[in-house]
Protein chains: 2
Amino acid sequence: MAADETAFMKDFKRGELQVQATSTFLVEGNNSPHMYTVLSGWGFRYKTLEDGRRQILNFVLPGDLVGLQGTLLAEMQHSVEALSDMMLCVFERNSLYLLFKNRPSLGFDVTWLAAKEEQILDEHLLSVGRRSALERAAYLISFLNQRAHRVGHLKEGQPLAPFTQNHIADTLGLSLVHTNKTLKKLQDKGIIEWSGKTCLVKDTKRLMDVANWDGIADIQRPFI
Amino acid sequence: MAADETAFMKDFKRGELQVQATSTFLVEGNNSPHMYTVLSGWGFRYKTLEDGRRQILNFVLPGDLVGLQGTLLAEMQHSVEALSDMMLCVFERNSLYLLFKNRPSLGFDVTWLAAKEEQILDEHLLSVGRRSALERAAYLISFLNQRAHRVGHLKEGQPLAPFTQNHIADTLGLSLVHTNKTLKKLQDKGIIEWSGKTCLVKDTKRLMDVANWDGIADIQRPFI
DNA sequence: CGCAGGATTGATATCAATCAATAACGGTGG
DNA sequence: CCACCGTTATTGATTGATATCAATCCTGCG
């Protein structure tokens, strides 16, 4: 980001928000006046049906934009919850248009991020719709691992954390029990190691193999 | 759209493209130099696994932007196929940034459409991940029907067409046979009527009821 | 008339959900 | 330090939903 852009963003920025692990900071149906960029920590976006069934849509990591839908489409149709403590950069919803007007390149970046999110959802949908339980689990863990490394959220040899098998289940569209058995299979093959609220990937290549997945395109993400 | 914007778009526009029903006009992995807006007809976006399993991600209708991912992220990771004959408005991929620079409000609209697509994918993911076969089918048909009416693609009393139960199956993440049995159930309840490559919604309200779905927010879509 | 693509149906096989315990673990209060 | 408790993980048995297999039936069309 160029110097003048940084200056502009500083102006655009409204403050920082710290949220605690397990707290839901954006709620479906609400009409928050804010939009965020994740500075540190991670969380997830989800929707629920009336009877409580929950589907996790995607995870948010450092550099991700959160709440754009609410900003553009008037109302959030999903909630966002923190997995770890998070630090967020807060923006005023109403000033988004100013960004497009005064800094077209930043507006372009926002669109880039939106398109990227769409691409990820496409892959998730393929996964939930057409991959078997084992393939799905392998894909998800591989995806999370890769993404976490890319944004510098994880160092080499560190496990994904903290999250429960319930989170995995609700992402995969499987029951908790079956998810447990499926993860066990991956563990028995020596591909991953689940322990506590932690998942270590021991063999990235085989994991992607099982998933029948090529990985995330290695393009530089713009940062806003 | 204001008069000067129309003029600008005319300049931006590269021509029109007519595609025949069943032809695939954007292919996964390709790097097309074009981006499109749908003027008439409809089609669908999809991805496939190596062994041929196919997942339909979403449908494209008049007013939709097609190929934005390819433009921003270098490579299309899904294909697009026409269900009916379609007329497309062709744009040059490289000039997208100009649009952001010279007509921020249009850039803003592009982002709006991207966010909307994301919202729809969220709902589809919830559906495929957590709704039962019957609920899923009801949701999908209800969704398509509503969307087709909103964009003026369908008049009152007309059935959705043309598409096969195979398309439905590949959208729902179900097998063809089970999809057939599920649609039959909806038909036996008197909610829909499938005939040939056509599906008529007879009772919108009950359909949404079965699906446990509230419908698409009735916001005006920008047109590009 | 015969053919091809699409729709429909019944029988059977599989995968994943549900039910029901139990085990491991961390945190808390005594 | 220990007993207790809630959350998370694990396991086996059973049920239920959906996939697969194998026909058959339409219907529009050459």
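No hydrogens, no waters, no symmetry mates; every other heavy atom, side chains included, goes into these values. Here is the naming used below: chain letters follow the sequence lines, and residue numbers restart at 1 for every chain.
We find that CG of A/Leu172 is positioned 15 Å from C1' of C/dC15, with the value rounded to whole Å. Rounded to a whole Å, the CD atom of A/Glu135 is 9 Å from the P atom of C/dA16. Nucleotide C/dG6 holds its C1' atom 14 Å from the CG atom of B/Asp170, rounded to whole Å. The distance between atom CG of B/Asn166 and atom P of C/dG6, rounded to the nearest whole Å, is 8 Å. Rounded to whole angstrom, the span from the NZ atom of A/Lys181 across to the C1' atom of C/dA21 amounts to 12 Å. To the nearest angstrom, P of D/dT10 lies 9 Å from CH2 of A/Trp194. Note: NE2 (A/His178) to P (D/dT18) measures 14 Å, nearest angstrom. If you take CG of A/Leu176 and P of C/dA21, they are 18 Å apart, rounded to a whole angstrom.
Nearest nucleotide to the side chain of A/Ala133, out of C/dG10, D/dT11, C/dA16: C/dA16. Out of D/dC21, D/dA9, C/dA16, the shortest distance to the side chain of A/Leu174 is found at C/dA16. Checked against C/dA11, D/dT10, C/dT18, the side chain of A/Gln165 finds its nearest nucleotide in D/dT10. Here the side chain of B/Lys184 is nearest to one of D/dA9, C/dT9, C/dA7, namely C/dT9.
Across all strands, B/Leu183 comes closer than 4.0 Å to no nucleic acid atom at all (heavy-atom distances). A/Ser175 comes within 4.0 angstrom of a base, heavy atoms only.
The six-membered or imidazole ring of A/Phe143 lies near that of A/His124, with a centre-to-centre distance under 6.0 Å.
Considering only residues two or more places apart in sequence or on other chains, A/Arg14 meets the side chain to side chain donor-acceptor pair (under 3.5 Å) condition with A/Glu92.
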inquiry  = side-chain hydrogen bond (donor to acceptor under 3.5 Å, both in side chains), that's the test. Do B/Lys116 and B/Gln119 meet it? Break it down for me.
reply    = CA-CA 5 Å; B/Lys116 187 68 192 176; B/Gln119 196 176 68; 3.2 Å; yes

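Between A/Thr198 and A/Arg130, the residue anchored closer to the 5' end of DNA chain D is A/Thr198, taking for each the nucleotide with the nearest heavy atom.
Between A/Arg93 and A/Asn31, the side chains place a donor N or O and an acceptor N or O closer than 3.5 Å (distance only, hydrogens not considered).
Under 4.0 angstrom from either OP1 or OP2 of C/dA7 there lies no side-chain N or O belonging to B/Asn180.
Within a 6.0 Å sphere centred on CG of B/Asp214, other residues, nucleotides and ligands contribute 12 heavy atoms or fewer.
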